[in-house]
Amino acid sequence: MSRCLISKAEVQNFIERCMTAVGTQSHHARSLAEVLVEGDHRGHYSHGLNRMDMYVKDVKTGICAKDGEPEIEKESAATALVDGKNLLGPVVGNFCMNLAIKKAKEVGIGWVVAHGSNHYGIAGYYSMQALKENMIGMSFTNTSPLVVPTRGKECTLGTNPISVAAPAKDGDSFVLDMATSAVALGKVELHERRGDDIPEGWGCDAQGKLSTDPKRVLTGGGLVPIGGSEATGGYKGYGLGMMVEVFCGILAGAHYSKHVRTWKVTDRVANLGQCFVAINPENFAPGFCDRMSDLLSIHRGLDPAEPDVPVLAAGDPERTNMENCEKMGGIPYHLKVVNYMNECAKGIGVSPLLPCDNVLSN
């Protein structure tokens with residue numbers, strides 16, 4: 001499939017212009033664009049430019065608010081409950097993570113939860129903000145129900161991601177950013193478009209039985225938790241998904257479980273629950289970054305099972321992807337995605353469009 005190279009600045013500017021064209025405040029548009037571009041830059045294309053039309057539609061139809069700012073409803077020295085005011089997820093996420101970091105600077109930890117939020121892009125974007133302050137960051141969100149719990153037949157949990165970022169020496173870090181489902185929905189959709197079977201352990205049919213047919217998973221079935229079936233530990237992924245729901249929907253008083261609106265059906269507000277945590281290692285044992293670097297070195301230095309496939313730590317694949325982007329001078333996008341987003345932009349009167357002239361040879 002043909003790909004074209006586009007600079008981060010061009011993509012950022014394009015998303016900002018599309019969002020302001022439908023009435024988004026310029027600083028809110030910037031917040032969204034930064035998260036989406038970072039997702040692509042890190043190689044998580046399912047959460048980048050590819051999703052822009054969803055945000056445009058949400059603001060254009062008024063199902064997502066464009067005016068106002070998040071508000072603190074309740075707080076203590078280390079905690080806060082935030083009303084996201086149904087604003088764009090990244091606007092709520094940045095407000096909450098900044099607040100968590102501020103509290104961690106003052107008392108060692110900040111734990112902030114929000115209700116009234118929306119889809120916020122990659123969870124890792126928020127946990128990584130703590131790294132700039134040499135702190136541990138955590139970020140969680142609930143999502144539309146797409147996952148069938150162990151022994152069940154109905155989707156009652158979202159892909160409910162977990163992200164934990166921890167600083168090491170010399171700018172190095174551990175960055176975990178993972179869904180609690182075995183796989184992202186987009187991967188199943190991609191296999192279905194190609195006419196390919198999916199690996200066993202990705203999803204189940206309407207009867208709750210594991211299936212390798214993507215159509216069965218997408219029509220009446222659902223994703224399964226990390227671990228797959230009960231026999232291979234799927235109940236652990238199910239438990240992690242529910243843990244995220246405890247931190248998000250339940251703790252924040254947002255919608256939760258099957259009460260969250262169906263994915264891509266925007267007939268009512270999302271009211272997602274989200275959780276943001278910052279921890280200052282200085283309040284604990286000295287030498288945190290030294291030990292963190294050692295922990296990373298232990299694992300990266302292991303003798304690999306396959307000589308050409310090194311052992312990695314969480315965040316390493318993304319770091320490699322970013323380095324490749326820097327070498328190429330931009331982010332490679334599939335032409336189909338670029339053309340689709342350009343059509344979306346034309347429909348709302350945005351010009352100039354994304355450039356498609358720098359085509360990469362396969």
Side-chain angles (χ1 to χ4, degrees), residues 1 39 43-48 50-51 53-54 57 118-119 121-123 140-163 176-250 254-268 270-273 334 336-337 340:
M1 192 181 284
H44 297 295
Y45 287 102
S46 58
H47 285 63
N50 183 52
R51 285 266 181 263
D53 60 323
M54 179 182 82
K57 181 187 169 193
N118 286 281
H119 196 279
I122 56 168
F140 313 85
T141 182
N142 65 6
T143 75
S144 299
L146 294 166
V147 178
V148 177
T150 305
R151 300 187 181 183
K153 295 189 288 185
E154 182 187 350
C155 293
T156 54
L157 288 170
T159 53
N160 294 11
I162 293 171
S163 181
L176 177 70
D177 188 356
M178 54 172 252
T180 50
S181 56
V183 72
L185 183 71
K187 289 192 177 176
V188 179
E189 290 172 333
L190 196 60
H191 278 68
E192 199 256 340
R193 280 200 294 274
R194 289 179 185 157
D196 295 339
D197 283 348
I198 57 171
E200 184 156 317
W202 278 19
C204 65
D205 61 21
Q207 300 309 309
K209 305 297 180 193
L210 288 182
S211 176
T212 57
D213 182 349
K215 281 190 174 63
R216 291 191 172 193
V217 173
L218 295 169
T219 53
L223 302 175
V224 295
I226 289 175
S229 69
E230 184 172 359
T232 55
Y235 56 90
K236 296 176 183 178
Y238 166 37
L240 285 172
M242 198 176 278
M243 178 196 78
V244 172
E245 196 62 271
V246 171
F247 290 163
C248 296
I250 307 299
H255 285 162
Y256 58 90
S257 184
K258 62 182 185 180
H259 304 304
V260 180
R261 71 184 184 194
T262 304
W263 177 239
K264 287 187 177 173
V265 177
T266 52
D267 55 344
R268 56 198 173 100
N271 189 14
L272 297 184
H334 287 305
K336 273 188 178 177
V337 172
Y340 182 84

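No hydrogens, no waters, no symmetry mates; every other heavy atom, side chains included, goes into these values.
For Arg261, the salt bridge (charged side-chain N to carboxylate O under 4.0 Å, His left out) partners are Asp58, not counting sequence neighbours. Under the side-chain contact (heavy atoms from CB on, under 4.5 Å) criterion, Val260 pairs with Asn142, Ser144, Pro145, His255, Leu272, sequence neighbours left out. Tyr238 pairs by the ring-ring contact (aromatic ring centres under 6.0 Å, His included) definition with nothing, not counting sequence neighbours. Partners of Thr262 according to the side chain to side chain donor-acceptor pair (under 3.5 Å) rule, which considers only residues two or more places apart in sequence or in another chain, do not exist here. Every residue was checked against the side chain to side chain donor-acceptor pair (under 3.5 Å) condition with Thr156, not counting sequence neighbours, and none meets it. Listed by chain and residue number, Asn86 satisfy the side chain to side chain donor-acceptor pair (under 3.5 Å) test with Asn118 (two or more places apart in sequence, or in another chain). Not counting sequence neighbours, the partners of His119 by the side chain to side chain donor-acceptor pair (under 3.5 Å) test are Tyr55.
The distance from the OH atom of Tyr256 to the CE atom of Met242 is 11.5 Å, given to the nearest 0.5 Å.
Under the 3.5 Å distance criterion, the side-chain polar atoms of Thr143 are matched with a main-chain donor or acceptor of Thr159. Not a single donor-acceptor pair under 3.5 Å links the side chain of Ser257 to the backbone N or O of Leu157.
Applying the 6.0 Å contact sphere to OH of Tyr340 captures no more than 12 heavy atoms from other residues, nucleotides or ligands. Shown here is Phe140, whose CZ atom has more than 12 heavy atoms of other residues, nucleotides or ligands within 6.0 Å.
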Check residues 146-155 and write down every donor-acceptor pair under 3.5 Å in which the side-chain atom is one partner and the other belongs to a residue at least two apart or another chain.
from	atom 1	to	atom 2	distance (Å)
Thr150	OG1	Tyr235	N	3.4
Arg151	NE	Glu230	OE1	2.9
Arg151	NE	Glu230	OE2	3.2
Arg151	NH2	Glu230	OE2	2.7

Please list every donor-acceptor pair under 3.5 Å in which a side-chain atom of residues 211-226 meets a protein atom from a residue at least two apart or in another chain.
from	atom 1	to	atom 2	distance (Å)
Ser211	OG	Asp213	N	3.1
Asp213	OD1	Lys215	N	2.9
Thr219	OG1	Lys215	O	2.5

For residues 182-191, dump all side-chain donor-acceptor pairs below 3.5 Å to protein atoms at least two apart in sequence or in another chain.
from	atom 1	to	atom 2	distance (Å)
His191	ND1	Lys187	O	2.9

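Applying the side-chain hydrogen bond (donor to acceptor under 3.5 Å, both in side chains) rule to pairs touching residues 200-210 yields nothing, sequence neighbours excluded. Pairs engaging residues 176-185 under the salt bridge (Lys or Arg N to Asp or Glu O under 4.0 Å) rule: none recorded [sequence neighbours left out].
Annotation for Thr180 and Asn160: closest pair OG1-O, 2.9 Å, computed over non-hydrogen atoms. Taking every heavy atom of both residues into account, Ile122 and Gly39 meet most closely at CD1-CA, 3.9 Å.
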